[in-house]
Amino acid sequence: MRVLLIGSGGREHALAVSLAADPAVDHLIAAPGNPGIAQVAALHPVTATDPAAVAALAVEVAADLVVVGPEAPLVAGVADAVRAKGIACFGPTAAAAQLEGSKEFAKSVMEAASVPTARYRACSTSAEAEAALREFEPPYVVKNDGLAAGKGVVVTSDLDAALAHARDCGRVVIEEFLPGPEVSLFVVTDGTAAVPLMPAQDFKRVGDDDAGPNTGGMGAYAPLPWAPADLVERVMRETVEPTLAEMRSRGTAFAGLLYVGLALTPAGPKVIEFNARFGDPETQVVLALLETPLAGLLHAAATGTLADHPPLTWRAGAAVTVVVAGHNYPDTPRTGDVITGAEAEGVLHAGTRRREDGAVVSTGGRVLSVVGTGKSLSKARDRAYKRIADIHLTGSHHRSDIASKAIDGKITLP
Ligand code: AMP
């Protein structure tokens, strides 16, 4: 199988490692990729958000399967353009990707499908936002309606800050705060059949103990020793199956990766958000544990044959990833810093490029995603942090508490 992978971040490096390890894959091409992905795939330049350009590249490289990593190409219609060329594509249509592309659309689908989620109001003006905020108790949750690279959400008890975010965004969804530990569940689906992967937890805030602003994600781990035994079965029944049925009934079946972000509230798991692609950095830990060959699984979802796919198998043990971020992230990060020690086992590249002199330099806020695996969560965590100690990037920062609460038994269910 010839596979074309679209994207250039840490999630795509993890996908590339798993796709390259699938014995069914004889050629892996990544576009545009990064220096880490170049270790396992041939790179091609492409504008990932240009549907015609990606479709033309898929034809040029004679791809049997195109895997789209990030959300922006999906919302732009890349999967539609690839499929129009008769090539299998893992990723939803632009219409179905609205589950991620518009918070308001996602809320309307959840409402129609009776999916447990936060009560909400969609607002376009400051007056509407103010009225909605007065309806809900603090902490306030204000979400940019459109794509915002994981940073469009403000959770604050400061009414003025909540109003200011609503004003800055224009169209927003304001919703009830959901208490409880968060879980990310990835579901591979062909629109009808749906296969859950292993639940993971990510860390959105920039600092230890969840201090500071939200980011695209600073780390993740799996499995979750504290999660209820029936969690996956319950979320599939209460959330995933009804959502997929609602999307089918609208004539916009969702095929690809449905990412369900959940809060485990006292009233049960409720949806915080849907995404239309693998989450970053949870992918880095989930795929580190998935034993089933990845390309075969994604190909089955892309070709409507997921019901015939054998059950998934998993490696024993645990995985932890810690994101190394550039100076000043999540504010405008400094780029161009030289990185040493990044071409090593377990080090996934998220925001890097190779300079003409051969040096690897930073290009973004989240620069590396360092993965450790082991028999237990604590062994996996120790390995990830040991690997980080061998990396040098001037001005970088990372959280030092990824997976710690889970390891110390300090996560309690409400
Ligand atoms: P989102 O982009 O929707 O995932 O939101 C980013 C982060 O904001 C989530 O991971 C949560 O930590 C937080 N968040 C979003 N919505 C809510 C909510 N209704 N209640 C509590 N926290 C939320």
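In this text, all values refer to a predicted model and were calculated from it rather than measured experimentally. We count ligands from 1, going down the list as the structure has it; atoms in each ligand are counted the same way. The figures here come from the full heavy-atom set of this structure, side chains too, leaving out hydrogens, waters and symmetry mates.
When the options E273, E182, R119, K143 are ranked by their closest heavy atom to atom 16 (N) of ligand 1, first place goes to K143.
Atoms CG and NE2, on L163 and H165 in that order, are 11.5 Å from each other to the nearest 0.5 Å. Note: E273 CD to M110 CE = 9.0 Å, rounded to the nearest 0.5 Å.
Residue contacts with ligand 1, taken as heavy atom pairs separated by less than 4.0 Å, involve E176 solely via the backbone atoms N, CA, C and O. At a heavy-atom distance under 4.0 Å, atoms from both the backbone and the side chain of L178 approach ligand 1.
Of all the atoms in ligand 1, the ones that sit under 4.0 Å from a non-hydrogen atom of N214 are 7 (C), 8 (O). Short contacts between ligand 1 and E175, defined as distances under 4.0 Å to a heavy atom of the residue, involve ligand atoms 16 (N), 17 (C), 18 (C), 19 (N). Counting the atoms of ligand 1 from 1 in the order shown, those under 4.0 Å from a heavy atom of K103 are 1 (P), 2 (O), 3 (O). For ligand 1, the atoms sitting less than 4.0 Å from at least one non-hydrogen atom of V153 are 1 (P), 2 (O), 3 (O), 5 (O), 6 (C), 8 (O), 15 (C), numbered in the order shown with element in parentheses.
Note on K204 versus E182: no salt bridge recorded, every NZ/NE/NH1/NH2 to OD/OE distance being 4.0 Å or above.
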(request) Start with the C-alpha gap between F278 and F186, add the side-chain angles, then the distance that decides, and say whether ring pair (Phe, Tyr, Trp, His ring centres under 6.0 Å) holds. (result) CA-CA 7 Å; F278 281 98; F186 298 165; 5.6 Å; yes
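Sorted by first and then second residue, the salt bridge (Lys or Arg N to Asp or Glu O under 4.0 Å) pairs with a member in residues 87-102 read E100-R277; sequence neighbours excluded.
Under a 4.0 Å heavy-atom criterion, R205 is not in contact with ligand 1.
The shortest side-chain heavy-atom distance between Y120 and V141 does not fall under the 4.5 Å cut-off.
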